[in-house]
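As C-alpha cells, the structure follows; a few thoughts come after it.
Order of the sequence lines sets the chain letters (A, B, ...), proteins ahead of strands, with each chain counted from 1. Hydrogens, waters and symmetry mates are skipped; everything else that's a heavy atom, side chains included, is used.
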Protein chains: 2
Amino acid sequence: MSTATAESRPYHHGDLSRALVDAARKILETDGPAALSLRAVAREAGVSPAAPYHHFKDKAELLEAVAHEGWHELDLALSTARASTQDSRARMTNLGVAYVCFARDNPALYRVMYDRSRDKDALPDQLKDDGAYCQVRNTIDENAGGGVSEIDLELATIAAWCAGHGLAEMIGFKQFAPLKAQLGGEEAFLRAVFEHLGMFAKFTATQD
Amino acid sequence: MSTATAESRPYHHGDLSRALVDAARKILETDGPAALSLRAVAREAGVSPAAPYHHFKDKAELLEAVAHEGWHELDLALSTARASTQDSRARMTNLGVAYVCFARDNPALYRVMYDRSRDKDALPDQLKDDGAYCQVRNTIDENAGGGVSEIDLELATIAAWCAGHGLAEMIGFKQFAPLKAQLGGEEAFLRAVFEHLGMFAKFTATQD
DNA sequence: GCGCTATCTAAGCATCGTCCAGATTGGCTC
DNA sequence: GAGCCAATCTGGACGATGCTTAGATAGCGC
C-alpha cells in the first residue's frame, strides 16, 4: 500500500535522524541512561530496530549526536549566566553555578555528554573555539583585566572547568543534603563551594 | 568423580568470591570497563556463568566489591602522599596530585568506583569516617591551623574533592597534551593546575 | 513514467544478565 | 566412621541487546 494505515507512519519517515535523537532524549529524561538502548529508541520512534543504522553508524554515533545537542544547550546556559551581571567576581561564580545547575537539571544528558568525551579522551572540539570552554576562558580573562599570560589563562580555565565538572557530578550526593539545608538551599550551597574554591584567587585576591 | 581432572578446578572452588573480584579487576585492567561482563568474569575464574550468583546478588554487587577495594587502595595512596612532606602547603598539593595519579594509573577501576557512587547518589560511607575524604579534611584543617568552623571545613573539603575528581576524569584528555609538554610533563601540569585552583586560598592566602 | 538509490523491515547471530532444576560435596550430627 | 543437610556449582533456558544481511518499498531525478 502506498500510504500508511491509520495507526502507522508512512514507510519512509521523512526525518528519522531528528526523530531518533528526540526519542533518545525523551528516553533519557524519562527512564535514565540505563534504559537507553538502540532498540528502545527505534521503538519510541515507531520504527524497526534496524532502521537507525541507515542514519547512524552505530549506537555510539547516535549518542554523539545527542551529546552534541547537549553541549550546544550548555553553551546557551553559560551565555545567559555570563550576561547576568556586570560584577566581574560575581560573573565567574554565576558561570559556575549555571554549569552545575545545567548538569543537575539534565543529569542523564550530562552523563551522556561526558561518557562520550571519556570514550574519546577529549572534550568536543568546538568548545575550544567558540563554545562553553571558551566562555569560561574569556570570563577569566576579563576578570583579570587582560594582563594574563596565555599559559596561565589556560591553566585557570582547566582548573575552573574541572572543579565545575566534579561538582556537577556530585551535586546530587546524599552526603551533601545536611549542608545544603544548613546553608539555605542548593544554590546557596553551590555558591559557597565555588567561593571556597577561591579559583582565580591568583587574579582576584588583591581585590578582596 | 570426587577429584578434578588435570585441567579443571575442583567442583567447589574454595574462595570464589575472592577469585571473582580478582578476575574482574584483571579484566578491567586488561580490556577496560566495556569488556567487564559477569560471564567474562566467570570465564576468567574458570567457572560457569551462574556460579557468581551464589556469592553476589547481581552484577552490581560484584562491582560494589571491586569498588570497595579501589577506595581502600586510594586511601593508602593518599596516606602515603600526606606523610610525604612537612610543608603544609605542599602537602595539600601532593594530596591532589596523588589522587589524580591514582585515577590515571587505574582508570578502569576509578571509573567503576565513581559509577557505583553515581548509581547510589553517594560516596562510600567509610570515606567520611576514616577514609580518603577524611584525610583531605584533616589536611585542610591542619593547614588552617585548626581555627576553622565545621561548616567551612566541610565546604573546603567538598571543593577540593570535586576539583580532584574533575581533574582525575579529564587528565587523559588530548587537548591538554600541548600544555603538559610545555610545562615539562604530566605531573608538573597537575601541580600547576592545583596551584591555580588556589583552593584553600581562604585559609592560606595570608601566608603567601 | 522509469529506474536508481535511499530508506525501511524481517529475520537472524552472538552476547548479555538472570533464573531454575538438578548434580556435587564439605562439614555437622550421631 | 556413616549419613544427611545445606552450600556450592553446572547446564540449559528466557528475554533483551547491538549489529548484520537479504529483501521490500518508495521518493526523486531523468
Nearest-Å distance, [atom1] ([X]) to [atom2] ([N])?
X        : N       : atom1 : atom2 : value
Phe56(A) : dC19(D) : CZ    : P     : 13 Å
Glu61(B) : dG17(C) : CD    : P     : 15 Å
His54(A) : dC19(D) : NE2   : P     : 14 Å
Leu20(B) : dT8(D)  : CG    : P     : 12 Å
Leu16(A) : dT25(D) : CG    : C1'   : 15 Å

Basic-acidic side-chain contact under 4.0 Å: [X], [Y]:
X         : Y         : result
Arg191(B) : Glu187(B) : yes
Arg111(B) : Asp119(A) : yes
Arg25(A)  : Glu73(A)  : yes

Protein-to-nucleotide contact annotation, 5' to 3' order, nucleotides 11-18 of chain D [B base; S sugar-phosphate only; - none; under 4.0 Å, heavy atom]: B-B---BB
Under 4.0 angstrom between His55(A) side-chain N/O and dA6(C) OP1 or OP2: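 Looking at the OP1 and OP2 atoms of dA6(C), neither is under 4.0 Å from any side-chain N or O of His55(A).
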More than 12 heavy atoms from other groups under 6.0 Å of NE2 on His68(B):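 Check fails, neighbour count at 12 or below.
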Flag if over 12 foreign heavy atoms under 6.0 Å of NZ, Lys26(A): no
Aromatic centroids of Trp71(B) and Tyr114(B) separated by under 6.0 Å: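 Ring centroids of Tyr114(B) and Trp71(B) are less than 6.0 Å from each other.
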